[in-house]
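A short write-up of the structure that comes next.
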Amino acid sequence: MKKYLIGIGIIITFMVSLLAITYHKRSQVFDREYQEQTTEVGQNDSMENAEQETEVKDNMLEDTQNDQMLNLTETPEEDVAERNKEKYGDIVQVIFEQNQEDISSFFEYYPDLWQRWIEFSAFDFTRDGQMEIMCSYVYVETSSTLHYNFVYDMQGNKLFEFVSGGPWYLYKAEDDLHYYIYCDLWFGANTAVDIYEEVSKTESWDVEIKYVEWDTRDGKGINENQQQGYNIYSDFSQEEKDLFMKKNYWEGMLQVFWNKEPYGTAEQVRQYSEIYKSLPEDTVERFAYIDKLENGVIWEAY
């Protein structure tokens, strides 16, 4: 009997040990799974927090960039006008006072505000880093604008003058103070004028009208390349240049066309235009205008 009880005790002890071992292993498995889950949750939380922090930083950076862009794009035009006024105000006032009588006559000749104005612009013709100022008498002839341009240095000395249309194109030679100026004008049906000019300086400034095309052909004549009604002029005298600057197409430029003998061919003009087409094109900086004498100078681009 005693041996029987000892055997049962051994069996019970073995089963208890087995249960303890199984429980311990299950506990280890549970602990490991819990740790893994906890670690995974922690990693997920960390990644989520990192993503949220990155998103916040990105949003802050985007907002900062947007603010910077707004600051750039929302610069008030008044600030630009004030800077131009501070930069060019004194010389523009000198030019205005020197030419006030001439400007008054120009406005009286063209009384309608929509038809004429005075325009001020800047361009570094001398390439010394200091702008020259251009005072342009502008008027609308039928369907084009004619610009009678007078160029001054910053001391108010007139350097040269030339006529152009709007828009007009200025090409500068790379090595010399030499510019090619081209404009195409359209004065209603069957009246087109193309002007080719050169402005250069050696000892003094010189303006040369190289070619002018005056085309009065209709569409049929142009398509058939008829020569009647198509005229090319060159070799302009000083008197003819003065007529070009008369501030009136009918009393100036047209008088030259009616009285001057045509000279030149379309092929000559084409070859000449190839000279400047490969050169860099530049534009002038418009910054102020006058529409009425009593209003004075208005500091904004026209």
Taking the six-membered ring for Trp, are Y169 and Y276 closer than 6.0 Å centroid to centroid? no
- Item | Other residues, nucleotides, ligands: >12 heavy atoms within 6.0 Å of K241 NZ | yes
Open item on the list: Working note: L170 + F123, criterion side chain to side chain contact (heavy atoms under 4.5 Å, CB included); need CA distance, chi angles, decisive distance, verdict.
Closed with: CA-CA 11 Å; L170 186 151; F123 186 82; 3.7 Å; yes
(Q) Taking atom CD as the centre, does E274 end up with more than 12 heavy-atom neighbours from other residues, nucleotides or ligands that are less than 6.0 angstrom away? (A) yes
With a cut-off of 6.0 Å (strictly less than), are more than 12 heavy atoms of other residues, nucleotides or ligands near CD of Q271? yes
* **Verdict with supporting geometry, N248 and Y110, side-chain hydrogen bond (donor to acceptor under 3.5 Å, both in side chains)** => CA-CA 10 Å; N248 182 284; Y110 302 102; 3.1 Å; yes
Worksheet item: Should the heavy atoms of other residues, nucleotides or ligands under 6.0 Å from CD of E203 be counted, would the total exceed 12?
Response: no
Between V284 and M134 the two heavy atoms that sit nearest each other are CG1-CE, 3.8 Å
*Do K260's NZ or CZ and the ring of Y233 fall within the cation-pi criteria of under 6.0 Å and 45°?*
no
On a heavy-atom basis, the closest approach of G165 and C183 is N-SG, 3.3 Å
Looking only at heavy atoms, the pair that brings E251 and K246 closest together is O-CD, 3.3 Å
Are the side chains of M154 and I133 in contact, using a 4.5 Å heavy-atom criterion? yes
Any luck finding a side-chain donor-acceptor pair between E161 and Y148 under 3.5 Å? no
I'd like to know whether I232 forms a side chain to side chain contact (heavy atoms under 4.5 Å, CB included) with Q268, so could you lay out the CA-CA distance, the side-chain angles of the two residues, the decisive distance to 0.1 Å, and finally the verdict. CA-CA 10 Å; I232 297 174; Q268 286 177 316; 6.0 Å; no
Indicate if Y230 and M253 have the same hydrophobic cluster label, given that clusters are the connected sets of ILVMFWY residues with side-chain heavy-atom separations under 4.5 angstrom. no
* Asked: Do E208 and F236 have side chains that get closer than 4.5 Å, going by heavy atoms?
  -> no
d(D291 CG, E119 CD) to nearest 0.5 Å is 12.5 Å
task = Treat each ILVMFWY residue as a node, draw an edge where side-chain heavy atoms are under 4.5 Å apart, and state whether L254 and L243 are in one component.
result = yes
Heavy-atom closest pair (N225 atom, Q227 atom, distance to 0.1 Å) is O-NE2, 3.4 Å
Quick one, D242 with M245, criterion side chain to side chain contact (heavy atoms under 4.5 Å, CB included). Give me CA distance, side-chain angles, the key distance, then yes/no.
CA-CA 5 Å; D242 292 340; M245 293 296 297; 5.8 Å; no
request  = Tell me whether V297 is reachable from I118 by hopping between hydrophobic residues (I, L, V, M, F, W, Y) whose side-chain heavy atoms are closer than 4.5 Å.
outcome  = yes
Item checked: Ring centroid separation Y109 to Y139 under 6.0 Å -> no
| said: Taking the ring of F150 and the ring of Y137, is the distance between their centroids below 6.0 Å? | reply: yes
Output, in order, the C-alpha distance, side-chain angles, deciding distance and verdict of side-chain hydrogen bond (donor to acceptor under 3.5 Å, both in side chains) for S164 and N149.
CA-CA 8 Å; S164 69; N149 309 297; 3.0 Å; yes
In this structure, CZ of F287 is separated from NZ of K87 (nearest 0.5 Å) by 9.5 Å
Next on the checklist: Do I290 and I298 land in one hydrophobic cluster if side-chain heavy atoms of ILVMFWY residues count as linked below 4.5 Å?
Outcome noted: no
CG of D184 to OH of Y196, rounded to nearest 0.5 Å, is 8.5 Å
Is there a donor-acceptor contact under 3.5 Å linking the side chains of T126 and D124? yes
key: Derivation of the salt bridge (Lys or Arg N to Asp or Glu O under 4.0 Å) call for R83 and E86   = CA-CA 5 Å; R83 286 198 298 270; E86 182 178 353; over 6 Å; no
Looking at side-chain heavy atoms only, is the closest gap between F125 and L177 below 4.5 Å? no
For this output row, return yes or no: ring centroids of W214 and F257 closer than 6.0 angstrom.
yes
- Task: Would you mind reporting whether N84 and E285 have side-chain heavy atoms less than 4.5 Å apart?
- Result: yes
Looking only at heavy atoms, the pair that brings C135 and I95 closest together is CB-CG2, 4.0 Å
Q. Just by distance, with hydrogens left out, do Q226 and Q228 show a side-chain donor and acceptor under 3.5 Å apart?
A. no
Does a sphere of radius 6.0 Å around CG in N190 hold more than 12 heavy atoms from other residues, nucleotides or ligands, not counting ones at 6.0 Å or beyond? yes
CG (D153) and CD (Q130) are apart, to the nearest 0.5 Å, by 8.0 Å
Minimal heavy-atom distance between N231 and P262, with the atoms involved, is OD1-CG, 3.5 Å
Separation between CD1 (I275) and OH (Y180), nearest 0.5 Å, reads 5.0 Å
**Other residues, nucleotides, ligands: >12 heavy atoms within 6.0 Å of E224 CD** = yes
### Query
Do the non-hydrogen side-chain atoms of V140 and W117 ever get within less than 4.5 Å of each other?
yes
Separation between NZ (K210) and CG (D235), nearest 0.5 Å, reads 8.0 Å
Aromatic ring proximity, centroids under 6.0 angstrom, F120 and Y88: no
I'd like to check V92 versus W299 (side-chain heavy atoms, cut-off strictly below 4.5 Å). Are they in contact? yes
inquiry  = Quick check against the 3.5 Å criterion: does S144 have a side-chain atom that pairs as donor or acceptor with the backbone of W186?
reply    = yes
Inset, instruction - Could you give me the CA-CA distance, side-chain angles and deciding distance for L185 and Y249, then say whether side chain to side chain contact (heavy atoms under 4.5 Å, CB included) is met? - result: CA-CA 11 Å; L185 306 168; Y249 171 72; over 6 Å; no
Per side chain to side chain contact (heavy atoms under 4.5 Å, CB included), I195 is matched among F162, Y182, F244, W168 by F244
Next item on the list: Tell me whether I91 is reachable from I103 by hopping between hydrophobic residues (I, L, V, M, F, W, Y) whose side-chain heavy atoms are closer than 4.5 Å.
Entry: yes
Practice problem: In sequence, state the C-alpha distance, the side-chain angles, and the governing distance for Y272 and E198, and then conclude on side-chain hydrogen bond (donor to acceptor under 3.5 Å, both in side chains). | Solution: CA-CA 11 Å; Y272 174 78; E198 291 184 33; 2.7 Å; yes
| query | Hey, are the side chains of K292 and F107 touching, using non-hydrogen atoms and a 4.5 Å cut-off? | reply | no
* Any E141 side-chain heavy atom under 4.5 Å of W250 side chain -> yes
Paired with K247, the side chain to side chain contact (heavy atoms under 4.5 Å, CB included) test is passed by just one of V163, L146, D102, namely D102
